[in-house]
Amino acid sequence: MLKCSVGLLALSSLFLSGAAIAQEKIKVGVTATLEGTYTVLGEDGIRGHQTALNVLGKKVGDKELEFIIASTDATPDSAVRAVRKLIEQDKVQILLSPLSGDEGIAVKNFAKTHPELTFINAASGAQETTYVDPAPNFFRYNMDGAQWQVGLGKYAYDEKKYRKIATVGEDYSFIYTQVFGLVLEFCGAGGQVTNRQWVPLGTKDFASVIAALPDDVDAIYLGLGGADAVNFLNQYQQAGGKAHLMGGSIMIDQTILSSKGNAKNALIGTIAASGQADTWEDPGWQKFVKAYQDAFPPNKRFPSPSLLATNYYDSTMALILALRQVNGDLSNNQAKYKEALAKIEIDAPNGKIKLDSNRQAIGTNFVTEVVDDGKGALFSKVVKVIPNVNQTLGYDPAVFAKIGLPSRTVPECKKY
Amino acid sequence: MTRFIERHPAWALIVIIAVAVALWLIFAVWPPGLEEAVGRKRVFLNAVFNGITLGGLYFLVASGFTLIFGLMRNVNLAHGSLYLFGGYVGYAISASTGSWVLSFIVAFVLTALVGVLLQVLVFRRMEGQDLRQTMVTIGLSIVFADLMLWACGGDFYQIQTPNWLIGPIELPLLTAVKSSGEPVYLRYPLVRLVIFLASVAIGIAMWLALNRTRIGMIIRAGVDDRDILAATGVRIQVVFVLVFALGAGLAGIAGVVGGTFQSLSPGEDIRFLLASLVVVIVGGMGSIPGAALGALIIGLAEQLGSVYIPTYAIVVTFLIMVLVLALRPQGLLARR
């Protein structure tokens, strides 16, 4: 009996001391896709996160930020598992999570079960995450997939004179959102989307998908990312594909443009749209690129930060700056901190970002074209910069709500 | 063959009709009604060819797996790691020397060497303890996966296809006839055909080696009863090492093939382990012709599924496995 109570006492004092230490530090949990198809994206996201820490420092008043990184594989259950582990085992108070679309929807729903904590989206871009039943403690400082396509449809129709296109995309929420943005604008301008093919995330053998591509279209839109995109391009080259291409935001990105081998050369001249452009002249962007390049040796990074690095940089920046505004005060279920996060406007490298009433970013979008720098490296060159893109893409909210949620077949190809 | 027809006339009839329909689908020009119902012939032909070539790759991985199991009753769950290791070695060689053919040779030799080490250092110590060996291979596969992640990172690698293999070639198969009467032939990536032919060649060589040589005879005897074989004075341990080296080397070659027409990244080891498990379960554990048949079925199911029922494509493979397990649990071509 005595032994038992002494043991209990020792155990509880251990827990108490653990809590005492936790108070001097602010623990932040970070998740990234460090496994599976999107490994490369997750790795560069973490590089962006570290660049932000290099620039901003880890001190908030007299408190020190401590970051704990957990790995996911782009599936929703892996994200929830990682977040739960960070909360329950590591006792984090703030989360910077997750990276991928389906993960985002799952983590947003999970966030509702922990209303006392704060969730800052790291990079995920499904529309549903903040558009349908948003969680009051979930903040997203990057635009969604549809916002990232703004400008592309019109540019393809007006400048490139494409009239009929077909799409190939990974079968999950983020790519649905990207195709949603593209179709809305391209069909709104008068174009036609004749065929939408969906492939499972993690597809290795695209040969049959490539064979099924229609040949009576002006261009083919690719909504693929990570290993899938590289596999597709490689097999596309082997099949002798020659069509004009258009790219989604993680397709025309350094994660693909700097992959090994020469299959990526099929992308030269491809038009795309994204939340960033590699060769933007803006001094803030150039400063960020420099900070990213200085933080890692050339063989451990891309020539220029990917969209994921930028997103992780921006969200880490919002996390730290808002925390400094309230001087690290996380009392009263982090009420003050959440208020600061909702109001903060950050001067991000890829343009100013503020949040709407759903805590979803309003930001700047870029239409780009892939160019060869003459030394074999590919970059996305700015064609057009579009500021103040909101989640309803400039539509009246009532009209936008009637279009429906992004899915395999929504939106229809017509003018709304 | 004739015996099969005599014994199961109804089944034989069904098989003959199915083969005839398949041949007609491949060689005839499709009538417009059919094209409307199931899509263009080009797509169908491509899916069939892709299925067959993918089956070739699966056969390379699974044949080593099934060979090792057949002789040593060792379910080597680290087989996928050997595949990935071979792929990485192949990439390193082809990137540094620029020679695609050399990368096959080096990958084969190095993975075979790893196989020898595994057999000598690990499996010999726990011979006959099937469960323990299986558990150890699971552990090894996790260790290997982490070591490779540490050495090569999470990046995806692609082995450069040599220039003479890039691009499509025209096959003498009609896909359509244009309105002007001009025939349109199937264009197909050359590299996949070459790889498929190579895997057929390897399969035939293996069959010949097993059925026409002395060492093959020893291995077949070992598969049937290894205790009696050992009692006849054959140095069974040497045979074990040799077979393990061959099986591992084949996985290494498959890694180079997979790295050429797909890509290499962490997680591929598990994917190919799973694929070869499904292939040998369908074909019959320990049987080389079974591995060939299983690989063909799974490859075709994956590719045709991804074109005609994309939503359920992943399920089809496992559905086939479930059906085989329910109706013929020993596998389609198993002897016992």
Side-chain angles (χ1 to χ4, degrees), chain A residues 32-44 46 71 73-74 168 171 195-215 226-242 255-256 258-264 299-300 302 408, chain B residues 39-40 42-51 53-54 57 91 95 145 149 153-161 163 165-169 175 186-192 258-268 270-272 275 299 302-308 310-314:
Chain A
T33 53
L34 299 172
E35 297 161 55
T37 313
Y38 281 178
T39 307
V40 178
L41 283 71
E43 287 175 344
D44 206 49
I46 294 296
S71 167
D73 62 8
V168 180
D171 196 8
N195 186 10
R196 301 178 207 185
Q197 280 194 64
W198 300 103
V199 298
L201 191 66
T203 297
K204 295 290 166 190
D205 207 323
F206 283 95
S208 297
V209 176
I210 290 167
L213 292 173
D215 28 33
D228 291 357
V230 175
N231 280 327
F232 179 91
L233 289 173
N234 197 16
Q235 291 162 32
Y236 188 69
Q237 181 194 34
Q238 285 167 2
K242 292 270 185 298
T255 47
I256 311 303
S258 53
S259 63
K260 297 176 182 72
N262 59 12
K264 64 184 181 225
N299 60 343
K300 299 258 181 216
F302 297 124
R408 288 181 184 156
Chain B
R40 286 166 301 161
R42 180 168 70 96
V43 175
F44 169 77
L45 269 189
N46 259 293
V48 169
F49 269 74
N50 293 333
T53 47
L54 184 66
L57 173 59
Y91 174 80
L149 184 64
D155 216 340
F156 25 87
Y157 293 85
Q158 261 172 354
I159 298 169
Q160 198 67 50
T161 319
N163 279 331
L165 282 179
I166 289 181
I169 111 170
T175 55
L186 177 71
R187 289 162 65 77
Y188 196 74
L190 179 61
V191 63
R192 293 184 75 115
T260 307
F261 77 79
Q262 301 184 355
S263 66
L264 302 163
S265 61
E268 285 297 271
I270 306 291
R271 199 171 78 86
F272 274 90
E302 261 185 32
Q303 288 297 325
L304 288 172
S306 79
V307 172
Y308 292 109
T311 318
Y312 307 105
I314 303 172

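Only this structure's heavy atoms are used, side chains among them; waters, hydrogens and symmetry mates stay out. Chain letters run A, B, ... following the sequence lines, proteins first and then strands; every chain starts at 1.
Highest contact tally toward chain A, considering only Asn50(B), Thr161(B), Val43(B), Leu165(B), is held by Asn50(B) [criterion: heavy-atom pairs under 4.5 Å]. Comparing Thr53(B), Thr260(B), Leu45(B), Val48(B) by heavy-atom pairs within less than 4.5 Å of chain A, the highest count is held by Thr260(B). If you tally non-hydrogen atom pairs under 4.5 Å between each of Gly267(B), Ser306(B), Gly258(B), Ala47(B) and chain A, the highest count goes to Ala47(B).
Here the closest heavy-atom approach between residue Pro189(B) and residue Ala239(A) is recorded as CG-CA, 3.9 Å. A pairwise comparison of heavy atoms in Pro168(B) and Gly240(A) identifies CD-CA, 3.7 Å as the closest pair.
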Test log, rule side chain to side chain contact (heavy atoms under 4.5 Å, CB included), inputs Gln158(B) and Leu233(A): CA-CA 11 Å; Gln158(B) 261 172 354; Leu233(A) 289 173; over 6 Å; no
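Note that CG of Asn46(B) and CD1 of Ile210(A) are 9.5 Å apart. Values are rounded to the nearest 0.5 Å. How far CD of Glu35(A) is from CG of Leu149(B): 9.0 Å, rounded to the nearest 0.5 Å. In this structure, Gln160(B) CD and Asn234(A) CG are separated by 8.0 Å, a value rounded to the nearest 0.5 Å. Note that CD of Gln235(A) and CZ of Arg192(B) are 6.0 Å apart. Values are rounded to the nearest 0.5 Å. Note: Glu302(B) CD to Thr203(A) OG1 = 9.5 Å, rounded to the nearest 0.5 Å.
For Gln237(A), the parts lying under 4.5 angstrom from a heavy atom of chain B are both the backbone and the side chain. Residue Gln238(A) touches chain B through both its backbone and its side chain, counting heavy-atom pairs closer than 4.5 Å. When heavy atoms are compared at a cutoff of 4.5 Å, Asp171(A) does not approach chain B at all. For Leu213(A), the part sitting under 4.5 Å from any heavy atom of chain B is the backbone (N, CA, C, O) and nothing else. Looking at Phe49(B), there are no atoms closer than 4.5 Å to chain A (heavy atoms on both sides), in backbone or side chain. With a threshold of 4.5 angstrom between heavy atoms, Ser265(B) approaches chain A through side-chain atoms but not through N, CA, C or O.
Annotation for Arg196(A): atom CZ counts as buried by contact number, over 12 foreign heavy atoms lying within 6.0 Å.
Phe206(A) pairs by the ring pair (Phe, Tyr, Trp, His ring centres under 6.0 Å) definition with Phe232(A), not counting sequence neighbours.
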